[in-house]
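Below is one structure, written out as structure tokens, with a few remarks after it.
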Amino acid sequence: MNFRKIKLLALDVDGVLTDGIIFENAQGELFKNFYAKDGLAINAAQKQGLKVAFITGRGNGIVAYRARELGVPYCFEEVKDKVQVLQQLMDQFGLTAEEVAYMGDDLNDLGAFKLAGVKLAPADAAADVVQRADYVAAASGGRGAVREVIEKIMRDQGKWSEIVRKNLGSRQ
């Protein structure tokens, strides 16, 4: 799979950026786990020009907080139609399907799969999603799947070595 043309990586949240487990207390507060290595890769890739978007059907502020923390300006919560949001992003940036990758893990992501040129899934995605994916990560959602695909995109675009160099610090 060649990732050289990807300019936008759109990500589902629950089951992709998280392991899909949602903790809820008696007061209705929700808690989710995010994987630090995914976050580092998202931040670094954006510095290299990759646009990253979060698109989720839930809306409780946790995802918006994580997006702000990582500097992701395109965060869409309480989305009923992921295809519409993805199309809006493509129109906004003037992107063709082959310049867009979408990572999803469950049936509600299949519509966005039809629109994106590159369809990605974590290892533990639903069987119907895995079957339609162009690339299935070795890692599970919330456990490095996003890091894995970002690293592949950046390597194919010749940008990963620059990310590594910048993280070596001034002594190298």
Side-chain angles (χ1 to χ4, degrees), residues 3 6-82 84-86 88-90 92-93 95 99-106 108-109 112 116 118 120-125 135 137-157 159-170:
F3 295 108
I6 300 301
K7 294 181 181 176
L8 169 66
L9 174 61
L11 303 166
D12 175 40
V13 176
D14 295 321
V16 172
L17 282 167
T18 76
D19 59 9
I21 297 171
I22 299 168
F23 298 96
E24 185 173 359
N25 68 17
Q27 290 74 39
E29 295 175 307
L30 299 180
F31 303 90
K32 299 180 185 199
N33 292 321
F34 294 96
Y35 195 63
K37 290 179 183 178
D38 288 346
L40 188 145
I42 288 167
N43 187 271
Q46 288 181 117
K47 290 177 181 173
Q48 293 296 315
L50 182 68
K51 291 175 179 27
V52 177
F54 297 167
I55 304 173
T56 182
R58 290 189 173 271
N60 52 30
I62 296 170
V63 177
Y65 179 84
R66 183 67 172 155
R68 283 191 304 276
E69 188 177 52
L70 297 176
V72 175
Y74 314 105
C75 178
F76 304 89
E77 295 183 281
E78 297 184 41
V79 173
K80 301 296 180 233
D81 186 352
K82 293 181 181 186
Q84 181 183 12
V85 171
L86 190 56
Q88 287 172 350
L89 286 167
M90 291 173 69
Q92 179 179 344
F93 301 121
L95 301 176
E99 296 172 310
V100 176
Y102 181 87
M103 182 174 242
D105 71 305
D106 215 338
N108 61 339
D109 296 305
V118 179
L120 309 166
D124 58 343
Y135 179 84
S140 295
R143 297 286 181 256
V146 172
R147 166 65 177 256
E148 181 180 328
V149 298
I150 287 176
E151 192 169 329
K152 287 191 166 297
I153 291 167
M154 294 291 98
R155 284 187 189 280
D156 275 9
Q157 294 181 2
K159 298 176 181 177
W160 186 252
S161 59
E162 177 64 13
I163 290 171
V164 172
R165 188 188 64 72
K166 286 184 175 182
N167 282 278
L168 286 172
S170 60

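In this text, all values refer to a predicted model and were calculated from it rather than measured experimentally.
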If you measure from [atom1] on [X] to [atom2] on [Y], what distance do you get to the nearest 0.5 Å?
{"X": "Lys82", "Y": "Phe76", "atom1": "NZ", "atom2": "CZ", "value": "13.0 Å"}
{"X": "Arg143", "Y": "Thr18", "atom1": "CZ", "atom2": "OG1", "value": "9.0 Å"}
{"X": "Leu17", "Y": "Leu70", "atom1": "CG", "atom2": "CG", "value": "8.5 Å"}
{"X": "Arg68", "Y": "Cys75", "atom1": "CZ", "atom2": "SG", "value": "8.5 Å"}
{"X": "Trp160", "Y": "Arg155", "atom1": "CH2", "atom2": "CZ", "value": "6.5 Å"}
{"X": "Glu99", "Y": "Met90", "atom1": "CD", "atom2": "CE", "value": "8.0 Å"}

Self-check item: Leu40 vs Arg147, side chain to side chain contact (heavy atoms under 4.5 Å, CB included): CA-CA, chis, key distance, verdict
Solution: CA-CA 8 Å; Leu40 188 145; Arg147 166 65 177 256; 4.2 Å; yes
Side chains of [X] and [Y] in contact at under 4.5 Å (non-hydrogen atoms):
{"X": "Leu8", "Y": "Tyr74", "result": "no"}
{"X": "Arg58", "Y": "Val63", "result": "no"}
{"X": "Gln157", "Y": "Ile6", "result": "yes"}
{"X": "Leu9", "Y": "Leu120", "result": "yes"}

Quiz item: Counting only heavy atoms not in Tyr65, do more than 12 fall under 6.0 Å of its OH?
Solution: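 Counting other residues, nucleotides and ligands, OH of Tyr65 stays at 12 neighbours or fewer.
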Could you check whether any side-chain N or O of [X] sits under 3.5 Å from a backbone N or O of [Y], counting only pairs where one atom can act as donor and the other as acceptor?
{"X": "Asp14", "Y": "Gly20", "answer": "no"}
{"X": "Asn43", "Y": "Gly71", "answer": "no"}
{"X": "Asn167", "Y": "Ile163", "answer": "yes"}
{"X": "Lys159", "Y": "Gln48", "answer": "yes"}
{"X": "Asp12", "Y": "Gly104", "answer": "no"}
{"X": "Glu151", "Y": "Ala41", "answer": "no"}
{"X": "Gln46", "Y": "Pro73", "answer": "no"}
{"X": "Asp109", "Y": "Asp106", "answer": "yes"}

Practice problem: Tell me, with the steps shown, if Phe3 and Val149 meet side chain to side chain contact (heavy atoms under 4.5 Å, CB included). | Solution: CA-CA 9 Å; Phe3 295 108; Val149 298; 5.5 Å; no
Please name the pair of heavy atoms, one in [X] and one in [Y], separated by the smallest distance, quoted to 0.1 Å.
{"X": "Val72", "Y": "Ala53", "value": "CG1-CA, 4.3 Å"}
{"X": "Gly39", "Y": "Arg66", "value": "CA-NH2, 3.6 Å"}
{"X": "Ala145", "Y": "Pro122", "value": "CB-CB, 3.7 Å"}
{"X": "Gly57", "Y": "Lys80", "value": "O-NZ, 4.4 Å"}
{"X": "Ala123", "Y": "Ala138", "value": "CB-O, 3.4 Å"}
{"X": "Tyr102", "Y": "Ala116", "value": "CB-CB, 3.7 Å"}

Exercise. Examine Lys7 relative to Phe93 and say whether NZ or CZ is less than 6.0 Å from the centre of the six-membered ring and inside a 45° cone about the ring axis.
Key: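 Ring-cation test returns no.
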Exercise. For Asp105 and Asp124, run side chain to side chain contact (heavy atoms under 4.5 Å, CB included): C-alpha distance rounded to whole Å, both residues' side-chain angles, the deciding distance at 0.1 Å, then the answer.
Key: CA-CA 7 Å; Asp105 71 305; Asp124 58 343; 5.7 Å; no
Exercise. Return yes if a side-chain donor-acceptor contact under 3.5 Å exists between Tyr135 and Glu148, otherwise no.
Key: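 A pair is found: one side chain offers a donor N or O, the other an acceptor, under 3.5 Å apart.
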Self-check item: Candidate list Asn108, Ile55, Thr56, test side chain to side chain contact (heavy atoms under 4.5 Å, CB included), partner Val79, passing option
Solution: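 Of the listed residues Asn108, Ile55, Thr56, the side chain to side chain contact (heavy atoms under 4.5 Å, CB included) partner of Val79 is Ile55.
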